[in-house]
Amino acid sequence: MKNNIFFNPIKKFRDNLKDGQIQYGISVGFNDGLVSEAIADDVDFLWYDMEHVVMDQSSLNSHFLSCRSKQKFSIVRVGNHNPSGIKPVLDAGANGIIAAQINNLEEAVLFSDNCRYPTLGTRGAGARVPSNYRSVDDSFFELANENIFVAVMIETVGALNAIEDIVQIKNLDSVVIGPYDLSGAIHKLGDVQNPIVEDAIKKIISTAKKYNKFVGIGMPINIEYAQKMISLGVDWVQIGNDHEYLIKQVEVVMKSLNN
């Protein structure tokens, strides 16, 4: 189990973050795993959205196969924080997992604990893909606990108010800023550059850094805003999604042809 290559993309992603290399990725919502294969060479990670997108397990399996063939870090955002929403994603081969809409410390702790095996957590032992479908021993559980990348979204008032406690969770690797939902939570929906929203984001980043937690962010295609967030201390950036890039490139080409 010590030579299990499944964990290589996680190690690379984590090492790059530790070295101060900003990691960039896009969100994937299309079902076809060939989308991931086509994109993988140009990004540092692929983010799969199971909060807003209806993606079945078979489609997710296909995407993960593409990621493994390219040795690319994969991370999934889930709306279901319970073991029933966590285990199928991790056992199918996700390198990382993000909980959306965390409202308090208790939810963050339960989610984080359910992503790691005992004695560090409470994850059920049913590893399939990460174990290469083989029987597991203590070395596998240790390897999995060391490498799985666990993050929670900070996008609600409850999570923002509890940020000091959330970033001290032992089993948590990163927080992820959701600027749009955060702006809505503090009654500035869509105004992500409002000073009140920016102050909240700065608070999240500075508090996370104090406890050596990585900071991610999810956003549409907005290079200027991404650069601004990086200047504030964000470590990894999900910028745009598959259909957004498709539409924008079609718009560029059609506009050029019609001029």
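All heavy atoms count here, side chains included; hydrogens, waters and symmetry mates do not.
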Any side-chain donor near an acceptor of the partner, [X] and [Y], under 3.5 Å:
{"X": "Tyr117", "Y": "Thr122", "answer": "no"}
{"X": "Asn82", "Y": "Ser84", "answer": "no"}
{"X": "Gln21", "Y": "Asp44", "answer": "no"}

Quiz prompt | Residues Phe141, Leu120; criterion side chain to side chain contact (heavy atoms under 4.5 Å, CB included); working and verdict | solution = CA-CA 10 Å; Phe141 295 126; Leu120 292 184; over 6 Å; no
Are [X] and [Y] connected in the hydrophobic side-chain network, where two residues link if heavy atoms are under 4.5 Å apart?
{"X": "Val43", "Y": "Leu34", "answer": "no"}
{"X": "Val237", "Y": "Val197", "answer": "yes"}
{"X": "Val234", "Y": "Val152", "answer": "yes"}
{"X": "Met219", "Y": "Ile201", "answer": "yes"}
{"X": "Val176", "Y": "Val28", "answer": "no"}

Could you tell me whether the side chain of [Y] reaches within less than 4.5 Å of the side chain of [X], counting heavy atoms only?
{"X": "Gln101", "Y": "Thr156", "value": "yes"}
{"X": "Ser36", "Y": "Tyr48", "value": "yes"}
{"X": "Phe6", "Y": "Arg68", "value": "yes"}
{"X": "Ile169", "Y": "Leu105", "value": "yes"}
{"X": "Asn171", "Y": "Phe111", "value": "no"}
{"X": "Ile98", "Y": "Val78", "value": "no"}
{"X": "Ile154", "Y": "Ile102", "value": "no"}
{"X": "Met229", "Y": "Ile217", "value": "yes"}

Check whether [X] reaches the backbone of [Y] with its side chain - one donor and one acceptor, N or O, closer than 3.5 Å.
{"X": "Ser183", "Y": "Gly190", "result": "yes"}
{"X": "Ser131", "Y": "Arg128", "result": "yes"}
{"X": "Gln71", "Y": "Cys67", "result": "no"}
{"X": "Ser27", "Y": "Gly240", "result": "no"}
{"X": "Ser112", "Y": "Ala108", "result": "yes"}
{"X": "Asp181", "Y": "Gly184", "result": "no"}
{"X": "Gln238", "Y": "Tyr24", "result": "no"}
{"X": "Ser74", "Y": "Asn95", "result": "yes"}
{"X": "His63", "Y": "Asn31", "result": "yes"}

Exercise. Scan residues 25-42 for pairs that pass salt bridge (charged side-chain N to carboxylate O under 4.0 Å, His left out), counting only residues two or more places apart or in two chains.
Key: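 Matches after skipping sequence neighbours: Asp41-Lys70.
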Quiz item: What pairs of residues pass the salt bridge (charged side-chain N to carboxylate O under 4.0 Å, His left out) test when at least one of them lies in residues 84-108, not counting sequence neighbours?
Solution: Asp91-Arg123
Practice problem: Determine the interplanar angle of the Phe149 and Phe214 rings, folded into 0 to 90°, and report it as parallel if under 30°, tilted if 30 to 60°, perpendicular if over 60°. | Solution: parallel
Once rounded to the nearest 0.5 Å, what's the spacing between atom [atom1] of [X] and atom [atom2] of [Y]?
{"X": "Phe73", "Y": "Leu17", "atom1": "CZ", "atom2": "CG", "result": "8.0 Å"}
{"X": "Leu160", "Y": "Glu155", "atom1": "CG", "atom2": "CD", "result": "11.5 Å"}
{"X": "Ile196", "Y": "Leu182", "atom1": "CD1", "atom2": "CG", "result": "11.5 Å"}
{"X": "Tyr211", "Y": "Asp165", "atom1": "OH", "atom2": "CG", "result": "8.0 Å"}
{"X": "Asn194", "Y": "Leu189", "atom1": "CG", "atom2": "CG", "result": "11.5 Å"}
{"X": "Thr207", "Y": "Gln168", "atom1": "OG1", "atom2": "CD", "result": "10.0 Å"}

Quiz item: Which residues pass the side-chain contact (heavy atoms from CB on, under 4.5 Å) test with Tyr245, sequence neighbours left out?
Solution: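 side-chain contact (heavy atoms from CB on, under 4.5 Å) check on Tyr245 returns Ile26, Ile221, Ile239.
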Exercise. Quick one: list whatever passes side-chain contact (heavy atoms from CB on, under 4.5 Å) with Val54, sequence neighbours left out.
Key: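 Result, side-chain contact (heavy atoms from CB on, under 4.5 Å) vs Val54: none returned.
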Exercise. Please list all pairs passing the side chain to side chain donor-acceptor pair (under 3.5 Å) test where one or both residues lie in residues 212-237, with sequence neighbours left out.
Key: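 For residues 212-237: Ser174-Trp236, Gln193-Lys228, Glu198-Lys228, Lys209-Asp235.
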Quiz item: Do other residues, nucleotides or ligands put more than 12 heavy atoms under 6.0 Å from Asp56 CG?
Solution: yes
Exercise. Flag yes if more than 12 heavy atoms outside Leu257 fall under 6.0 Å of its CG atom; otherwise flag no.
Key: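 More than 12 heavy atoms, drawn from other residues, nucleotides or ligands, come within 6.0 Å of this atom.
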With sequence neighbours excluded, tell me which residues meet salt bridge (Lys or Arg N to Asp or Glu O under 4.0 Å) with [X].
{"X": "Asp113", "answer": "none"}
{"X": "Lys203", "answer": "none"}
{"X": "Asp15", "answer": "none"}
{"X": "Asp49", "answer": "Arg77"}

Can you name the nearest heavy-atom pair linking [X] to [Y], along with the distance?
{"X": "Ala159", "Y": "Ile166", "value": "O-CD1, 3.8 Å"}
{"X": "Ala40", "Y": "Lys72", "value": "O-CE, 2.9 Å"}
{"X": "Asn145", "Y": "Arg116", "value": "O-NE, 2.8 Å"}
{"X": "Ala92", "Y": "Asn61", "value": "CB-OD1, 3.5 Å"}

Exercise. Could you give me the CA-CA distance, side-chain angles and deciding distance for Phe7 and Leu143, then say whether side chain to side chain contact (heavy atoms under 4.5 Å, CB included) is met?
Key: CA-CA 8 Å; Phe7 297 102; Leu143 199 60; 3.4 Å; yes
Which residues share a side chain to side chain donor-acceptor pair (under 3.5 Å) with [X], sequence neighbours left out:
{"X": "Arg14", "value": "Asp173"}
{"X": "Asn161", "value": "none"}
{"X": "Ser58", "value": "none"}

Exercise. Verify side chain to side chain contact (heavy atoms under 4.5 Å, CB included) between Lys202 and Leu232, making sure each step is shown before the conclusion.
Key: CA-CA 7 Å; Lys202 289 176 182 176; Leu232 293 178; 4.0 Å; yes
Quiz prompt | Full working for side chain to side chain contact (heavy atoms under 4.5 Å, CB included) between Leu90 and Ile148 | solution = CA-CA 9 Å; Leu90 296 183; Ile148 189 67; 3.7 Å; yes
